[in-house]
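Below: the structure, in structure tokens.
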There are 2 protein chains.
Amino acid sequence: MKQADESQTLLSNLPEPLRVFSRVRDYARGEMLFRRGDPARWVFFVHSGEVRMLRSGRAGEDILLHRARPGEYFAEAAVDCPEYLCDAIAFQASTLALVPKSELAPLLTRDRGFATQWNSVLMRELRMARARIERLALSSVAERVRHFVLAEERDEAGEVALAGSLKDLARDLGVSHEALYRTLARMEKAGEITRDGNALRLAASRRSKRRPADR
Amino acid sequence: MKQADESQTLLSNLPEPLRVFSRVRDYARGEMLFRRGDPARWVFFVHSGEVRMLRSGRAGEDILLHRARPGEYFAEAAVDCPEYLCDAIAFQASTLALVPKSELAPLLTRDRGFATQWNSVLMRELRMARARIERLALSSVAERVRHFVLAEERDEAGEVALAGSLKDLARDLGVSHEALYRTLARMEKAGEITRDGNALRLAASRRSKRRPADR
DNA sequence: CGTCGCATTGATATCGCTCAAATCCGGTGG
DNA sequence: CCACCGGATTTGAGCGATATCAATGCGACG
């Protein structure tokens, strides 16, 4: 059946040992995957869409902890922790793989190659988190934009295809969307960047040789 | 000899499989452990002291990426990466364990229990990194201070023993030290926090998780 | 169409950065 | 014991970048 075929195709992105236990599920835009305090049963993998991990601050404002995008795992901490520590919402209609924590934990000791693979997955997440810390430590919006482009670019092209809206990017950079709009306009006027649709390119003359990345 | 005994005692903090390969070394305050670009040979474990991972920004300013304190590993990414991607400096006189990367990597596949332990280590680092992201995303200094205390407190006491100077804390929070001094003074005057030497305590009345009509 | 969310721009207020200066405190050498 | 020094702590003043509040246009979608 179509459903079964599709699931198999999607699951093929997972390391082989995980496929057996995982199942695929679609979520609607805005659907909540879990709340803080819910028992942690699954680790998730994003096939398509976008999931956001949020924590509500004391003033009721939402703090964006993490954006999980296609090809990424999230809630890996479920392996260690009995309950989820934040809320997760499908920010767009998303297709996810659910890996039962109860199967993942034993796999680390049972499957030798898998331990290394999973290790790399966590390391990648850690590097990305540290890159974001580095970015948030920069004092001006323009610096954060430059850092973002250099960190996210592929092929040394100094170009990024924005995954979401500029408003999303603004949250990612930890600034108001107005400040981002204005900064981008100013940088564009100064010839430092160019924009085509959702592509953002840093002018070659302004690009440093070193890429920001962690450790 | 005393030296050997001490090394054994210190190494006992490491998972058993790592002890065989690791060695202990003392670093003076200000000593550099490695620079960006150096071949990544070791993963480190902090017995005492404090190590900081820094990256120098384009304006020559130092960006604090990470503070490794006693009981923590750092430069775990060495396992995956051929060279270090930032600088590491012993900020205080420190005693560290050096774990050769060449031994650690095979251990993940060879030793079953160790894979689980190591994954917990990485998971913990990831949680801390995400907590810091959450903190840096807060817009006001006061919010960051509150978040810091709540994140670092032990025993739900709302109290933190500051590891370093307030200037250090300011760097940690991503603000100028002047701004931190002023904010702390204001919060203290408002009765929101109290300070005794290096202890920082959030007033109990302000610590309730759900305050009706907050703000 | 009406509505909703994104993109954009303006006006204004404010918070935090920067430069500066005074004080305190621990360590160090005479 | 004391003078001195460097770094941390504090407070002041002023400026500028960013947040915030508003208004408008625009495109998607039902």
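Small disclaimer: the values here were computed from a predicted structure and weren't measured. Below, chain A is the first sequence line, B the second, and so on; all start at residue 1.
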| Distance in angstrom units between A/Lys189 NZ and C/dT9 C1', rounded | 11 Å

N/O to N/O distances under 3.5 Å, protein versus nucleotides 13-15 of chain D:
unit_1	atom_1	unit_2	atom_2	d
D/dA13	N6	B/Arg182	NH2	3.1

| note | Quick note, B/Val175 side chain, CB onward, closest among D/dA8, C/dC17, D/dT11 is C/dC17

| message | Under a 3.5 Å distance rule, please check whether A/Ser94 uses its side chain to pair with a backbone N or O of A/Glu50 as donor and acceptor. | response | yes

| ring-ring contact (aromatic ring centres under 6.0 Å, His included): pairs with one or both residues in residues 168-201 of chain B, sequence neighbours excluded | B/His177-B/Tyr181

| said: At 10 degrees resolution, what angle do the end axes of the helix from C/dC1-D/dG30 to C/dG30-D/dC1 form when each is taken over five base pairs? | reply: 40°

| Carboxylate-amine/guanidinium contact B/Arg69 B/Glu152, below 4.0 Å | yes

| message | If you only use heavy atoms from C-beta on, which nucleotide in C/dG16, D/dT9, C/dT8 is closest to the side chain of B/Lys167? | response | D/dT9

| query | When the distance from OH of A/Tyr181 to C1' of C/dA7 is rounded to whole Å, what number comes out? | reply | 5 Å

| field | Rounded distance in Å - CZ (B/Phe91) to P (D/dA8) | value | 7 Å

| task | Please tell me which of the listed nucleotides, D/dT10, C/dT8, C/dA7, lies nearest to the side chain of A/Arg195? | result | C/dT8

| Those residues that, when tested against B/Phe148, pass ring-ring contact (aromatic ring centres under 6.0 Å, His included) (two or more places apart) | none

| Any A/Leu180 side-chain heavy atom under 4.5 Å of A/Val145 side chain | yes

| query | How long is the line joining CG of B/Leu180 and P of D/dT11, in whole Å? | reply | 12 Å

| Counting side-chain heavy atoms from C-beta on, which of C/dT18, D/dA22, C/dC17 comes nearest to A/Glu178? | D/dA22

| said: For B/Arg201, is there an ion pair with B/Asp196 - N to carboxylate O distance below 4.0 angstrom? | reply: yes

| task | Report the distance from atom CZ of B/Arg171 to atom P of D/dT9, rounded to the nearest whole Å. | result | 13 Å

| field | Nucleotide C/dG5, atom C1' - distance to CZ of A/Arg29 in whole Å | value | 8 Å

| request: Measure the distance from CD on A/Gln92 to P on C/dC4 and round it to the nearest whole Å. | output: 20 Å

| message | Categorize B/Thr183 for me: base, sugar-phosphate, or nothing, with a 4.0 angstrom heavy-atom threshold over every strand shown. | response | nothing

| Residue B/Ser165, side-chain heavy atoms: nucleotide from C/dT8, D/dA8, D/dC21 that is nearest | D/dA8

| task | Could you tell me whether the side chain of A/Arg144 reaches within less than 4.5 Å of the side chain of A/His147, counting heavy atoms only? | result | no

| note | Of the listed C/dC17, C/dT8, D/dT10, the closest approach to the B/Leu166 side chain comes from D/dT10

| query | Of all residues at least two apart in sequence or in a different chain, which pass the ring-ring contact (aromatic ring centres under 6.0 Å, His included) check with A/Phe21? | reply | none

| Quick one: B/Arg144 CZ to C/dC17 C1', roughly how many Å, whole number? | 13 Å

| Presence of salt bridge, A/Asp172 and A/Arg135, under 4.0 angstrom | yes

| message | Applying side-chain contact (heavy atoms from CB on, under 4.5 Å), can you list everything that pairs with A/Arg195, at least two apart in sequence or on another chain? | response | A/Leu166, A/Leu184, A/Glu188, A/Leu200

| query | When you measure from the side chain of A/Ser176, which nucleotide among C/dG16, C/dT9, D/dA19 comes out closest? | reply | D/dA19

